[in-house]
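Right, one structure below, let's go through it.
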Amino acid sequence: MPRVVAVIPCRYGSTRFPGKPLADLAGMPLMWHVHQQCLKAQHVDEAVIATDDERIADACARLSIPHRMTGEHSTGTDRVAECAESLDADIIVNVQGDEPFISPAAIDAVVAVFLTPVVPRQAVANAYTELACPAAVIDHNVVKVVLRGDGTALTFSRQPVPYPKGVRPAYLRQLGLYAFTPEALRTFASLRPGPVEKAEGIEMLRFLEHSHPVAMVRVQDEGIAVDTPVDLERAALLTAASTPTPAHRAVARLGHQATGRPKQSSGG
């Protein structure tokens with residue numbers, strides 16, 4: 001079986017929530033919860049945090065969380081690519097550092113793309129889910145994806161694509177949960193961001209602009225993330241429920257959509 005390592009890119013600086021990875025959630029830092037979810041995934045052999053901040057590194061050391069120091073990067077995937085150079089891994093999963101409720105099953109789903117007899121050296125997989133909330137469709141903080149007939153990504157955009165001139169289409173959201181072969185990450189890091197990536201601020205467009213396919217994997221995950229202190233309060237309520245119900249998640253999701261989510265291409 002291939003060795004799978006989940007990498008959680010974390011940076012201290014954040015316009016809306018400085019120090020977010022270290023924010024307290026139920027007595028532990030936010031990044032600790034993400035790390036725990038990664039370890040619950042059946043296909044993950046190890047989970048590490050990648051950061052350029054000594055405060056985050058110190059917290060990792062105190063909590064016995066494996067970590068790697070990196071340089072500064074414009075996107076989380078660039079940070080993961082640097083980190084991957086020092087890892088013993090056949091598959092690397094990029095897990096957002098602000099998703100304490102990331103589904104272990106979703107992580108396993110993107111990894112499953114690589115568990116076939118023949119895997120391209122430059123394989124990339126990206127998770128998505130269907131958007132049910134009309135407000136999220138027009139929210140530029142939510143990245144939409146359009147699929148090709150073969151299930152790979154045709155394009156990503158913050159705009160509501162495809163445009164509903166005829167029948168209303170099904171809108172799909174990328175979750176920012178990526179899996180790569182080491183060769184694919186090296187390719188990503190070697191490519192220059194194209195004009196569409198720069199305009200949209202969506203790092204996966206780098207592959208598409210340079211004619212590299214991105215396999216899309218449908219998962220069951222609401223993509224609830226913590227971007228602001230208010231989001232953290234909602235996450236605390238969700239964590240307080242020993243078994244979060246769909247109703248709990250709906251409240252957190254609706255509140256999160258109301259505040260927006262300016263993510264998908266941060267320094268991570």
Side-chain angles (χ1 to χ4, degrees), residues 4-41 44-73 75-80 82-84 86-87 92-107 175-178 221-244 248-249 251-253 255-256 259-268:
V4 180
V5 178
V7 179
I8 307 163
C10 291
R11 64 190 180 102
Y12 193 88
S14 171
T15 302
R16 296 198 297 171
F17 199 166
K20 179 169 59 176
L22 302 181
D24 183 272
L25 177 61
M28 299 297 285
L30 185 66
M31 64 182 185
W32 178 88
H33 293 273
V34 181
H35 184 258
Q36 291 297 301
Q37 292 299 99
C38 290
L39 294 179
K40 293 176 185 177
V44 171
D45 297 293
E46 182 183 9
V48 305
I49 285 177
T51 187
D52 61 359
D53 192 275
E54 292 291 347
R55 289 162 291 190
I56 294 175
D58 289 344
C60 287
R62 290 195 302 272
L63 296 168
S64 299
I65 298 175
H67 67 282
R68 299 287 192 281
M69 294 298 295
T70 71
E72 294 185 6
H73 292 286
T75 75
T77 300
D78 285 297
R79 188 182 305 284
V80 170
E82 180 187 344
C83 176
S86 65
L87 297 175
I92 299 98
V93 186
N94 180 347
V95 181
Q96 301 294 323
D98 59 3
E99 297 219 13
F101 309 114
I102 185 70
S103 166
I107 297 173
L175 294 179
L177 173 61
Y178 318 128
D221 193 296
E222 293 92 345
I224 299 171
V226 174
D227 293 317
T228 69
V230 173
D231 291 334
L232 185 64
E233 292 176 7
R234 296 191 185 97
L237 292 175
L238 195 57
T239 304
S242 58
T243 304
H248 283 112
R249 290 185 177 275
V251 170
R253 184 169 64 253
H256 184 69
T259 57
R261 187 186 184 196
K263 283 188 63 65
Q264 308 298 341
S265 190
S266 64

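The model shown is predicted, which means the values in this text are computed figures rather than measured ones.
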Does the side chain of [Y] come within less than 4.5 Å of [X]'s, by heavy atoms?
{"X": "Thr77", "Y": "Tyr178", "result": "yes"}
{"X": "Asp24", "Y": "Pro29", "result": "no"}
{"X": "Pro100", "Y": "Thr239", "result": "no"}
{"X": "Val5", "Y": "Val44", "result": "no"}
{"X": "Cys38", "Y": "Ile107", "result": "yes"}
{"X": "Val48", "Y": "Ile8", "result": "no"}

If I take atom CG from residue Leu87 and atom CG from residue Asp45, how far apart are they, to the nearest 0.5 angstrom? 12.0 Å

Measure the SG-CZ distance between Cys60 and Arg55 for me, rounded to the nearest 0.5 Å. 13.0 Å

Test side-chain contact (heavy atoms from CB on, under 4.5 Å) applied to Val7 and Asn94, step by step: CA-CA 5 Å; Val7 179; Asn94 180 347; 6.0 Å; no

If every non-hydrogen atom of [X] is compared with every non-hydrogen atom of [Y], which pair is closest and at what distance?
{"X": "Asp52", "Y": "Glu72", "answer": "OD2-CG, 3.3 Å"}
{"X": "Pro9", "Y": "Gly76", "answer": "CB-O, 4.0 Å"}
{"X": "Ala235", "Y": "Phe101", "answer": "O-CZ, 3.6 Å"}
{"X": "Ala23", "Y": "Leu232", "answer": "CB-CD2, 3.8 Å"}

side-chain contact (heavy atoms from CB on, under 4.5 Å) between Leu22 and Met31, worked out: CA-CA 7 Å; Leu22 302 181; Met31 64 182 185; 3.6 Å; yes

If we check salt bridge (Lys or Arg N to Asp or Glu O under 4.0 Å) with Lys20, which of these qualifies: Asp231, Asp98, Asp53? Asp98

Ignoring hydrogens and angles, write down the donor-acceptor pairs under 3.5 Å from the side chains of residues 61-71, residues two or more places apart or on other chains.
unit_1	atom_1	unit_2	atom_2	d
Arg68	NE	Ser86	OG	3.2
Thr70	OG1	Arg79	NH1	2.7

Of Ile49, Leu177, Val80, which is the lone residue that meets side-chain contact (heavy atoms from CB on, under 4.5 Å) with Val95? Leu177

Give the C-alpha distance, both sets of side-chain angles, the deciding distance and a yes or no for side-chain contact (heavy atoms from CB on, under 4.5 Å) between Ile56 and Tyr12. CA-CA 7 Å; Ile56 294 175; Tyr12 193 88; 4.3 Å; yes

Inter- and intrachain pairs under side chain to side chain donor-acceptor pair (under 3.5 Å), touching residues 26-37, at least two apart: Gln37-Lys40

